[in-house]
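Here the structure comes first, spelled out in structure tokens, and everything after it is commentary.
Along the sequence shown, the residues carry numbers beginning at 1. Since this is a predicted model, take the numbers as computed values, not measurements.
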Amino acid sequence: MKTLAILMGLTLSTSVFANQNQYTYKIVPHEEIDQYLVPGSDATGTPEALQGLWWLDGNPVHDEVISFAGAQFQPIEEAGKVVGYEAFLPVYDEGVWSWHNDVGGWRGYIVARKVRLTYHLVFDANFTSGDITPVVKLLPGQEPVEIPQSFFASFTMDLVNNNEWSRDTAVLGSKSNYRFRRIVDGEGTRLPNFEDYLANIKVENLKSAMIPVCTLPNPTGQLPSPCAAL
């Protein structure tokens, strides 16, 4: 899904987005990633099925661990009945995403930040399946633009078990799949998948991760950060 945003972002000049550079960065060991990202929890209002930290096992893009802590879910109602939940998650914000500390990781993050890449998450009422719609902001002052689900691009999540989601992507009819595996639970406790994640990092020979940090004051630590609102 990031491919669409990257393609659009590569057509935009860096100078246009100079006023958005409100982030600095930290380089951290993969072994300590749970000390720098914010696990989704009851405190962050994250639904139980999405709490904790998630390893993107098999993800072809240069990011590795994510959190849904920055997504503020709201009910979707039809005829007075809750039929689902939706939220917006700023991919480029602090506390919720880690990127490989390599050329691909930095390139992916910089473009995500430039276009303010945000995921519009829509789940069913039981959090067993969901759709992900990328939202981008092409120019300062313009309204965000959604890239709707269609034959050209479709991104879904389906629950496999309590600690695993199947992530399916279809772009121009070409399909791919990888897994979200929970490595840390909503209380911050490492799960057995954490060791599998570290083993995979060694196989891929990834030395460290990059995470963005908002430079604006945020005394409560609430997510999304103040930088994401600009």
Side-chain angles (χ1 to χ4, degrees), residues 1-2 5-6 8-10 12-30 32-47 50-54 56 61-74 86-121 132-147 184 186 188 208-230:
M1 79 187 63
K2 298 185 186 67
I6 289 173
M8 288 184 289
L10 289 175
L12 304 173
S13 69
T14 301
S15 60
V16 169
F17 289 88
N19 65 327
Q20 294 188 4
N21 294 331
Q22 298 289 342
Y23 290 90
T24 186
Y25 315 96
K26 286 185 179 180
I27 306 303
V28 303
H30 290 285
E32 300 175 8
I33 198 67
D34 53 337
Q35 299 180 33
Y36 294 93
L37 296 184
V38 179
S41 64
D42 291 341
T44 62
T46 308
L50 299 174
Q51 290 185 3
L53 298 179
W54 299 84
L56 282 57
V61 188
H62 292 236
D63 48 7
E64 199 77 24
V65 177
I66 70 166
S67 167
F68 293 92
Q72 305 301 312
F73 282 89
Q74 301 295 327
E86 68 176 341
F88 291 87
L89 179 64
V91 171
Y92 56 90
D93 199 21
E94 73 172 21
V96 297
W97 223 273
S98 71
W99 306 77
H100 296 173
N101 183 29
D102 60 14
V103 173
W106 280 93
R107 183 183 295 123
Y109 173 72
I110 289 171
V111 172
R113 191 194 69 217
K114 282 183 179 180
V115 300
R116 312 306 261 183
L117 177 60
T118 299
Y119 288 163
H120 182 192
L121 309 170
I132 305 171
T133 302
V135 181
V136 296
K137 194 171 185 179
L138 300 180
L139 292 171
Q142 283 190 342
E143 290 297 316
V145 177
E146 287 204 0
I147 303 172
V184 173
S208 55
M210 181 274 286
I211 58 171
V213 179
C214 177
T215 60
L216 299 179
N218 187 12
T220 65
Q222 185 174 352
L223 296 176
S225 78
C227 292
L230 296 179

*Can you tell if the side chain of P144 reaches within under 4.5 Å of the side chain of T118, non-hydrogen atoms only?*
no

_How about CD on E143, more than 12 heavy atoms from neighbouring residues, nucleotides or ligands closer than 6.0 Å, or not?_
no

*Does a side chain donor of either H62 or D102 reach within less than 3.5 Å of an acceptor in the other side chain?*
yes

*Who pairs with S98 by side-chain hydrogen bond (donor to acceptor under 3.5 Å, both in side chains), at least two apart in sequence or on another chain?*
none

_Reported OH-to-CG distance for the pair Y23 and L216, which is rounded to 0.5 angstrom_ = 8.5 Å

*Listed by chain and number, what are the side-chain hydrogen bond (donor to acceptor under 3.5 Å, both in side chains) partners of T46, not counting sequence neighbours?*
T44

_For A228, is there any backbone N or O sitting under 3.5 Å from a side-chain donor or acceptor partner on Y92?_
yes

*asked:* Keeping E94 on the side-chain end and C214 on the backbone end, is there a donor-acceptor pair under 3.5 Å?
replied: yes

*Pair D93, S225: side-chain N/O donor-acceptor within cut-off below 3.5 Å*: yes

*Step by step, would you call T220 with N218 a side-chain contact (heavy atoms from CB on, under 4.5 Å)?*
CA-CA 6 Å; T220 65; N218 187 12; 3.7 Å; yes

*Compare every heavy atom of L121 with every heavy atom of A71, then report the nearest pair and how far apart it is.*
CB-CD1, 4.2 Å

*Find out whether M210 and H100 are in side-chain contact, i.e. whether some heavy atom of one side chain is under 4.5 Å from a heavy atom of the other.*
no

*Minimum heavy-atom separation for Q51 to G186, with atom names?*
OE1-CA, 3.7 Å

*Are the side chains of S208 and P29 in touch, meaning some heavy atoms are under 4.5 Å apart?*
no

*Do V135 and Y119 touch side chain to side chain, with heavy atoms closer than 4.5 Å?*
no

*Show your working on side-chain contact (heavy atoms from CB on, under 4.5 Å) between V96 and L223 and close with a plain yes or no.*
CA-CA 9 Å; V96 297; L223 296 176; 3.9 Å; yes

*Locate the shortest heavy-atom distance separating V213 from K26; write the atom from each residue and the value.*
CG2-CG, 3.9 Å

*Compare every heavy atom of L89 with every heavy atom of G70, then report the nearest pair and how far apart it is.*
C-CD1, 3.7 Å

*Mind checking side-chain hydrogen bond (donor to acceptor under 3.5 Å, both in side chains) for Q222 and listing every partner two or more places apart, or none if nothing turns up?*
none

*Run through Y109, W97, W99 and flag the one making a ring pair (Phe, Tyr, Trp, His ring centres under 6.0 Å) with Y25.*
Y109

*What closest approach, in Å, do W54 and L50 show between heavy atoms, and which atom pair accounts for it?*
NE1-O, 3.1 Å

*Identify the heavy atoms of T215 and T24 that sit nearest to each other, and give their distance.*
CG2-N, 3.7 Å

*asked:* For F88 and H120, take the angle between the two ring planes, folded into 0 to 90°, and tell me which bin it lands in: parallel under 30, tilted 30 to 60, perpendicular over 60.
replied: parallel

*Could you walk me through whether V65 and L56 pass the side-chain contact (heavy atoms from CB on, under 4.5 Å) check?*
CA-CA 6 Å; V65 177; L56 282 57; 5.8 Å; no

*About how many Å separate CD1 of I211 and CG of L37, when rounded to the nearest 0.5 Å?*
6.0 Å

